[in-house]
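Just the heavy atoms: all of them, side chains too, but no hydrogens, waters or symmetry mates, feed the values below.
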Amino acid sequence: MSEAHPPASKLHVDARQGQSAQADEVLKLWQNYKKNPNNAQLREQLILKYLHLVRYVVSRMPITLPISIAPEDLVSFGTMGLMEAVERFDPGRGLKFETYAVTRIRGSIIDQLRFQDWIPRGVRRRSKELSATMQKMEEELGRAPNDEELAERLGVPRERLQVMLSESQNLMLSLDDTYGNDTTGSSMTLLDMVEDRNSPDPQGEFEASELRRRLAAAIASLPEREKLLIALYYHENMTLREIGEIICVSESRACQLHAQALLRLRSRLSQ
């Protein structure tokens, strides 16, 4: 006699009930911790519950580390950000902790890498030259230059251009980077664009909305392959290895295309 199995509908209901119970448990844990912020045991439980977010962020950072920094160091840097996120998060604001924590984790990693100043000045200089050249050529051509055109303008072999793009993917945006026109006094930093939820500001909301509009327009103007890469990476949460398989390039080439797309977006947002 064959073993009876529960219907699929019952399994689906059981799964939803299990998820709901788990969500209630997490909410209760948050409530208890916020009532007792000095309770190290509750704090540790929350950190362990969300530790997978650190691995997620580290796996999605397209950077090449020097010998002096091991991948485990990034996990350590990210865990510091997670700890800070747990301490500062306010469940009453209606924001998902995962969204808040990922930003804090990534910021902590970037801050620690910047503090160690592991990117040589020559790499920064070449990245700025590459970005400026791409911006100038786009203005001249009315479109994004291809690799051959860009390499010819820079006076380097295409292979050298690929190295420069790989180097550029290690450079990260700083909250102190300025966007806009410095000569007219209308420039602002990324830090200026961070919303203060305790201080409603109609002007700030307008500027944030305008930035989103400009970013959407800049992404729409990217070459098709780079546009697809950005969509898969940031909207579908795919890894660069998976994206490389879809667009038929190696993972390292996908990293270069990612860096190239970010350079284009950065130059357009700075105009």
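Using a 4.5 Å cut-off on side-chain heavy atoms (C-beta onward), Val57 and Phe77 make no contact. Residues Arg43 and Leu46 have side chains not in contact (no heavy-atom distance under 4.5 Å, counting atoms from C-beta outward). No side-chain heavy atom of Leu154 sits under 4.5 Å from any side-chain heavy atom of Arg160. Side-chain contact between Glu251 and Thr239 is absent, with no heavy atoms from C-beta onward closer than 4.5 Å. Contact annotation: the side chain of Leu150 approaches that of Leu130 to within less than 4.5 Å [non-hydrogen atoms, C-beta and beyond]. Ile243 has its side chain out of reach of Leu257: every pair of non-hydrogen atoms, C-beta onward, lies at least 4.5 Å apart. Counting only heavy atoms from C-beta outward, the side chains of Gln135 and Arg264 never approach each other to under 4.5 Å. Here the side chains of Val249 and Arg225 are in contact, with some heavy-atom distance below 4.5 Å.
Under the 3.5 Å distance criterion, the side-chain polar atoms of Ser221 are matched with a main-chain donor or acceptor of Ala218. In terms of modelled atom types and a separation under 3.5 Å, the side chain of Thr133 and the main chain of Glu129 share a donor-acceptor contact. Without hydrogens or angle criteria, Asn39 side chain to Leu42 main chain gives a donor-acceptor distance under 3.5 Å. Side chain of Lys34 to main chain of Leu29: no donor-acceptor pair is present (N/O by atom type, distance under 3.5 Å, no hydrogens or angles). A donor-acceptor pair under 3.5 Å links the side-chain atoms of Glu149 to the main chain of Asn146, judged by distance alone. In terms of modelled atom types and a separation under 3.5 Å, the side chain of Ser59 and the main chain of Tyr56 share a donor-acceptor contact. Judged by distance alone, with hydrogens and angles left aside, the side-chain atoms of Ser108 form no donor-acceptor pair with the main-chain N or O of Arg104 at under 3.5 Å. Formation of a donor-acceptor pair under 3.5 Å by the Glu44 side chain with backbone atoms of Gln41 is not found in this model.
Shown here for Leu222 and Ala261, the closest heavy-atom pair between the two residues is CD2-O, 4.2 Å. Minimum heavy-atom separation, Pro223 to Ala144: CG-CB, 3.8 Å. Between Pro145 and Glu138, the shortest heavy-atom distance links the atoms CD-CG, 3.5 Å.
When the side chains of ILVMFWY residues are joined at heavy-atom separations under 4.5 Å, either directly or via intervening members, Met134 and Val163 end up in two distinct hydrophobic clusters. Using a 4.5 Å cut-off between side-chain heavy atoms of Ile, Leu, Val, Met, Phe, Trp and Tyr, with links allowed through other members, Leu51 and Phe89 fall into the same hydrophobic cluster. A single hydrophobic cluster is not seen to contain both Val86 and Met80; linkage of ILVMFWY side chains at heavy-atom distances under 4.5 Å, directly or through other members, places them apart. Tracing side-chain contacts under 4.5 Å through hydrophobic residues (I, L, V, M, F, W, Y), one never reaches Ile47 starting from Leu27; they form parts of separate clusters.
The pair Arg241-Glu245 does not meet the salt-bridge criterion, since no charged nitrogen lies less than 4.0 angstrom from a carboxylate oxygen.
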* Asked: Given the rule in the side-chain contact (heavy atoms from CB on, under 4.5 Å) test, do Arg153 and Glu140 qualify, once you have shown the distances and angles that lead to the verdict?
  -> CA-CA 12 Å; Arg153 175 65 66 89; Glu140 295 173 355; 2.7 Å; yes
* To do: Could you go through the side-chain contact (heavy atoms from CB on, under 4.5 Å) check for Val26 and Tyr50 one step at a time?
  => CA-CA 11 Å; Val26 173; Tyr50 293 105; 3.2 Å; yes
* Asked: Can you list the steps and then say if Glu87 with Tyr33 is a side-chain contact (heavy atoms from CB on, under 4.5 Å)?
  -> CA-CA 9 Å; Glu87 293 172 356; Tyr33 173 65; 3.8 Å; yes
* To do: Apply side-chain contact (heavy atoms from CB on, under 4.5 Å) to the pair Glu224 and Lys227, showing each step before the final yes or no.
  => CA-CA 5 Å; Glu224 287 301 321; Lys227 190 190 306 182; 3.2 Å; yes
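One finds the CG atom of Leu82 at 9.5 Å from the NE2 atom of His52 (value rounded to the nearest 0.5 Å). Between atom CD of residue Glu98 and atom CD1 of residue Ile105 there is a gap of 10.0 Å, rounded to the nearest 0.5 Å. With rounding to the nearest 0.5 Å, the separation of CE in Met137 from CZ in Arg143 is 7.5 Å. Distance CD/Glu152 to CG/Leu161: 12.0 Å, rounded to 0.5 Å. To the nearest 0.5 Å, the span separating CZ on Arg253 from CG on Leu240 amounts to 12.5 Å. Rounding to the nearest 0.5 Å gives a distance of 9.5 Å between CG of Leu229 and CD1 of Ile246.
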